[in-house]
There are 2 protein chains.
Amino acid sequence: MNEPLDDAATYSPRKYRTPDGAPADIVIFTITSQARNTVKKSLPTRQLEVLLIERKGWPFAGQWALPGGFSKDTETIIESAKRELQEETGVEDVHIEYLNVYSEPGRDPRGWIISHAFVALVHENYLAGRRAADDAADVRLFPVEEALAMNLAFDHNLILQDALNRIRHQMLTTTIAREFLPEEFTIGELYQVIEAVVPEFVERNFIRKITSTQSRKGIIEEVRDSRGELKMSNRYSQRAAQLYRFTDFLPQLSIYS
Amino acid sequence: MNEPLDDAATYSPRKYRTPDGAPADIVIFTITSQARNTVKKSLPTRQLEVLLIERKGWPFAGQWALPGGFSKDTETIIESAKRELQEETGVEDVHIEYLNVYSEPGRDPRGWIISHAFVALVHENYLAGRRAADDAADVRLFPVEEALAMNLAFDHNLILQDALNRIRHQMLTTTIAREFLPEEFTIGELYQVIEAVVPEFVERNFIRKITSTQSRKGIIEEVRDSRGELKMSNRYSQRAAQLYRFTDFLPQLSIYS
DNA sequence: GGAATAGTGTCTCTCAGACATTATGTC
DNA sequence: GACATAATGTCTGAGAGACACTATTCC
């Protein structure tokens with residue numbers, strides 16, 4: 001411990017160097033849907049995308065980076081992340097969680113800057129306004145694989161990879177799929193969202209696992225209308241599909257169960 | 001983004017307030033064994049404990065706190081955590097992982113101090129030296145429940161609770177149990193370690209689940225001696241028990257599997 | 001033989017995984 | 001009738017959960 005031992009009256013700020021800033025950087029993921037050009041109704045193709053901004057000034061001018069900004073002494077770091085998310089996308093009250101701290105000396109040429117990365121999951125509808133201005137803008141959605149292949153500013157390639165690993169794991173072990181879906185969705189949509197994030201996901205008897213396996217039953221529930229009739233949707237298919245919604249239930253996973 | 005737009009030559013440190021420090025605090029868990037006073041060999045009682053230090057100076061003088069120290073600009077925060085762990089316990093190369101950041105304004109009366117909490121899991125043997133001096137010392141192991149009931153310095157009650165939640169979850173979903181066990185252990189010991197961290201854990205057919213269930217088979221493997229004979233131990237029982245070791249296998253858990 | 005721990009036998013009901021089959025509505 | 005998606009039928013082998021039972025060694 002290298003803390004001074006004096007009391008409040010005699011306490012003086014330490015003579016050691018202090019950090020030059022503690023910013024929050026945000027990895028904003030969304031899943032875009034692209035209707036396929038078939039004559040008949042069909043499922044859209046879905047793709048996991050990440051929001052990047054083009055840097056204007058030094059350092060890394062001209063390169064793409066994660067949105068972010070310095071935190072203030074009047075807010076927690078998650079509050080600054082939420083503020084930044086609001087400024088960048090206009091959305092509030094979406095899923096945002098802390099990812100990791102990045103403190104490698106020299107990671108930022110401006111000084112000793114310790115960055116805190118967050119992951120935000122945003123439904124594509126919330127970003128609809130931004131998308132319109134796509135090509136010209138300095139704020140854009142990139143498919144994740146494409147973004148990873150770019151040379152991003154700072155250590156943002158690393159942060160993005162960490163964020164991707166995190167949501168891939170969470171997609172299978174938690175109900176974050178709900179963040180990319182409307183309140184009521186079909187089994188087909190849910191399956192596509194999982195696939196968009198975890199391409200290797202394959203589960204032939206998906207509907208049975210999720211609806212009638214004892215240990216999993218209750219993660220999602222059927223939606224009924226005011227008369228108690230099962231509510232269906234045919235937005236993506238000829239044959240109407242049952243609508244479901246997530247409940248608050250999350251099964252406890254265990255390797256020893 | 002409130003970053004300056006100038007280039008490197010004209011860049012000047014921002015006029016905003018910068019943090020007064022970015023310490024690493026470490027929640028060091030161990031599981032102690034206490035032999036029971038029975039005439040015959042029997043399993044020890046095991047308890048999850050956390051290492052705390054008594055603060056000497058302002059602020060929170062006289063209160064117990066998590067060990068920690070300020071990070072330097074020449075190291076990553078995890079490196080400062082490892083350095084601190086080495087100073088406090090003398091151990092290196094143990095399991096240590098990042099927990100969370102604590103940045104509530106006012107959490108530290110010394111200024112704007114953003115703390116990074118880590119969780120370290122240490123085998124009790126490594127702490128054996130410290131334990132001898134227990135009662136008189138200003139560094140002590142406390143049973144976790146007892147520590148949570150104390151009034152710890154700073155926001156360390158919160159950090160400790162977060163750390164406990166984290167390892168409870170990890171104990172069931174990863175193989176961190178290995179950090180509290182010798183290289184070779186019996187099923188009974190493993191079961192006790194899980195119980196010490198997750199008291200509500202009950203699994204009547206434990207040995208069968210862990211050794212012969214298809215999806216779990218391979219997490220641990222039987223130990224054999226140089227002649228290929230199964231290696232047994234009777235340190236805790238009359239009847240010798242098979243020794244096992246962890247492998248590198250970790251099953252993928254999924255709520256959709 | 002009693003105590004303490006280690007490990008097996010056995011039974012029932014559910015689930016996993018594979019794959020074929022039926023259902024519904026559009027063009 | 002071809003197509004696209006939704007959903008069920010059916011079969012086999014594996015696993016979950018419960019609990020009685022045997023095994024080993026020390027005292």
Side-chain angles (χ1 to χ4, degrees), chain A residues 33 35-46 172 184-193 195 200-220 222-223 230-244 251-257, chain B residues 33 35-46 172 184-193 195 200-220 222-223 230-244 251-257:
Chain A
S33 330
R36 280 185 294 162
N37 302 343
T38 49
V39 204
K40 313 170 187 183
K41 283 183 193 174
S42 66
L43 288 166
T45 56
R46 292 177 198 258
L172 297 180
E184 303 177 353
F185 53 87
T186 66
I187 298 288
E189 288 179 283
L190 171 57
Y191 194 91
Q192 277 201 319
V193 164
E195 264 189 321
E200 56 276 21
F201 181 77
V202 175
E203 186 55 61
R204 285 188 181 75
N205 290 340
F206 186 62
I207 185 173
R208 298 233 274 245
K209 291 271 181 80
I210 193 74
T211 57
S212 52
T213 300
Q214 198 62 34
S215 56
R216 274 176 267 275
K217 192 166 16 186
I219 296 172
I220 59 174
E222 295 158 337
V223 180
L230 290 171
K231 200 167 159 191
M232 316 291 277
S233 158
N234 64 345
R235 61 190 137 174
Y236 295 129
S237 59
Q238 331 311 324
R239 176 174 173 177
Q242 176 62 48
L243 285 173
Y244 290 87
Q252 295 303 311
L253 298 172
S254 166
I255 62 172
Y256 303 117
S257 76
Chain B
S33 330
R36 281 185 291 161
N37 302 342
T38 49
V39 202
K40 313 171 186 183
K41 285 183 192 173
S42 66
L43 287 164
T45 55
R46 291 176 198 259
L172 297 181
E184 303 176 353
F185 53 87
T186 66
I187 298 288
E189 289 179 281
L190 171 57
Y191 194 91
Q192 275 202 320
V193 164
E195 264 189 321
E200 56 275 22
F201 181 78
V202 175
E203 187 55 60
R204 285 189 181 75
N205 291 340
F206 185 62
I207 185 173
R208 299 234 274 247
K209 290 271 180 79
I210 192 73
T211 57
S212 54
T213 300
Q214 199 62 33
S215 56
R216 274 176 267 275
K217 192 164 20 188
I219 296 174
I220 59 174
E222 294 157 339
V223 180
L230 290 172
K231 202 166 159 193
M232 317 291 277
S233 159
N234 65 345
R235 59 189 138 173
Y236 295 130
S237 58
Q238 331 311 326
R239 175 174 175 176
Q242 176 63 48
L243 286 173
Y244 290 86
Q252 295 303 312
L253 298 172
S254 166
I255 62 172
Y256 303 118
S257 78

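Here the structure is a predicted model, which means the values were calculated and not measured. Numbered from 1 within each chain, the chains take letters A, B, ... in sequence-line order.
Side-chain atoms of B/Arg208 stay outside donor-acceptor range of the base of D/dG17, with no qualifying N/O pair under 3.5 Å. Not a single donor-acceptor pair, N or O on each side, falls under 3.5 Å between the base of C/dC15 and the side chain of A/Asn205.
Between the side chain of A/Tyr191 and the backbone N or O of A/Glu203, at least one donor-acceptor pair lies under 3.5 Å. Using a distance-only test at 3.5 Å, with no hydrogens or angles considered, a donor-acceptor pair links the side chain of A/Thr186 to the main chain of A/Glu189.
Per the geometry, CD1 belonging to A/Ile207 stands 14 Å off C1' belonging to D/dG9, to the nearest Å. Atom CD1 in A/Ile210 sits about 11 Å away from atom P in C/dA16, given to the nearest Å. Between the P atom of C/dT24 and the CE atom of A/Met232 lies a distance of 10 Å, rounded to the nearest Å. The distance from atom CD of A/Gln192 to atom P of D/dA4 is 15 Å, rounded to the nearest whole Å. As rounded to whole Å, 10 Å separates atom P of D/dA7 from atom CD1 of A/Ile220. In this structure, CD of A/Glu203 is placed 6 Å from P of C/dG17, rounded to the nearest angstrom. Summarising the geometry, the separation between CD1 on A/Ile255 and P on D/dA16 is reported as 14 Å, rounded to the nearest angstrom. Atom pair B/Leu230:CG and C/dA6:P shows a separation of 16 Å (rounding to whole Å applied).
Using modelled atom types and a 3.5 Å distance limit, the side chains of B/Arg216 and A/Ser257 yield a donor-acceptor pair.
The pair B/Glu195-B/Arg46 does not meet the salt-bridge criterion, since no charged nitrogen lies less than 4.0 angstrom from a carboxylate oxygen.
Along DNA chain C, the nucleotide nearest to B/Ala241 and the one nearest to B/Ser257 differ in position, and the one closer to the 5' end is contacted by B/Ala241. Heavy-atom distances to DNA chain D give each of B/Arg204 and B/Gln214 a nearest nucleotide, and the one nearer the 5′ end belongs to B/Gln214. Nearest-nucleotide assignment on DNA chain D puts the 5′-proximal partner with B/Arg216, out of B/Arg216 and B/Ala240. For A/Lys209 and B/Gly188, each mapped to the nucleotide of DNA chain C holding its nearest heavy atom, the one lying further toward the 5' end belongs to B/Gly188.
Counting only heavy atoms from C-beta on, B/Ser237 has its side chain closest to C/dT5 among C/dT5, C/dG7, D/dA6. Closest to the A/Gln238 side chain, of the nucleotides D/dA6, C/dT24, D/dA7, is C/dT24. For A/Thr213, counting side-chain heavy atoms from C-beta on, the closest listed nucleotide (C/dA4, D/dA6, C/dA16) is C/dA16.
For B/Met232 against B/Leu243, the heavy-atom pair with the smallest separation is O-CD1, 3.9 Å.
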